[in-house]
Amino acid sequence: MNLAMTIFVIMTTLSLVLALLSFWLPQMNADAQKLSPYECGFDPLGSARLPFSLRFFLVAILFLLFDLEIALLLPLPWGTQLQDPTETLFWAAMVLILLTMGLIYEWIQGGLEWAE
């Protein structure tokens, strides 16, 4: 039996033994904290039909938007190494200008005011 076959047999046997042990050994003592759903800061024991603040979701969407901006602008340093980087810099500036205008609009409309 060669070395590769021996390693494969040991690897397979060890993974099967560990998988079977993980099914037999865990403690199944679930308490109230483990059984309650996680509702990202909301009271999980109350009614599910209560109104919630849309400001929380606005901030989350703004975070995702600016996170996407970072992902779009990550290749910019490599784009400046091209023969003619003006088009790359133009589109990067357009993305930044568009997002800045959206942020200014939200600010003017009062959408970023957390407390009234």
Side-chain angles (χ1 to χ4, degrees):
M1 193 183 263
N2 60 8
L3 182 63
M5 189 63 176
T6 305
I7 291 174
F8 180 73
V9 168
I10 291 172
M11 201 170 47
T12 306
T13 306
L14 185 62
S15 63
L16 285 174
V17 167
L18 290 175
L20 290 174
L21 280 175
S22 71
F23 284 113
W24 287 329
L25 291 180
Q27 295 179 354
M28 296 297 187
N29 300 335
D31 57 355
Q33 289 294 326
K34 288 185 181 179
L35 293 177
S36 68
Y38 179 69
E39 296 288 339
C40 65
F42 299 117
D43 185 17
L45 303 176
S47 174
R49 300 291 181 206
L50 291 175
F52 52 87
S53 174
L54 288 177
R55 294 185 190 277
F56 172 78
F57 294 102
L58 176 66
V59 170
I61 288 172
L62 285 174
F63 173 76
L64 289 175
L65 187 70
F66 285 104
D67 195 34
L68 178 65
E69 170 203 2
I70 292 170
L72 288 174
L73 295 178
L74 272 177
L76 189 60
W78 290 279
T80 59
Q81 303 298 322
L82 297 174
Q83 293 288 338
D84 187 24
T86 56
E87 185 178 359
T88 304
L89 294 175
F90 171 76
W91 287 113
M94 285 294 114
V95 168
L96 287 174
I97 289 170
L98 180 68
L99 288 173
T100 305
M101 286 174 35
L103 181 64
I104 291 171
Y105 176 76
E106 286 291 327
W107 199 329
I108 290 171
Q109 293 295 318
L112 299 177
E113 297 293 329
W114 191 256
E116 297 181 25

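Bear in mind the structure is a predicted one, so any value in this text is a computation, not a measurement.
Side chain of Ser22 to backbone of Ala19: a donor-acceptor contact under 3.5 angstrom is found.
Rounding to the nearest 0.5 Å gives a distance of 9.5 Å between CG of Asp67 and CD of Glu69. Rounding to the nearest 0.5 Å places CD1 of Ile104 at 11.0 Å from CG of Leu99.
Considering only heavy atoms from C-beta on, Leu103 stays 4.5 Å or farther from Leu65 through its side chain.
In this structure, Leu76 shares a hydrophobic cluster with Leu89, the cluster being traced through Ile, Leu, Val, Met, Phe, Trp and Tyr side chains under 4.5 angstrom apart.
Applying the side-chain contact (heavy atoms from CB on, under 4.5 Å) test to Met94 and every residue at least two apart in sequence or in another chain returns Phe90, Trp91, Ile97.
Cluster annotation: Val17 and Leu25 are assigned to the same hydrophobic cluster (Ile/Leu/Val/Met/Phe/Trp/Tyr, side-chain heavy-atom contacts under 4.5 Å, transitive). Note on Phe66 and Trp107: same hydrophobic cluster, where clusters join Ile, Leu, Val, Met, Phe, Trp and Tyr whose side-chain heavy atoms are under 4.5 Å apart, directly or indirectly.
Other residues, nucleotides and ligands place no more than 12 heavy atoms under 6.0 Å from the CZ atom of Phe8.
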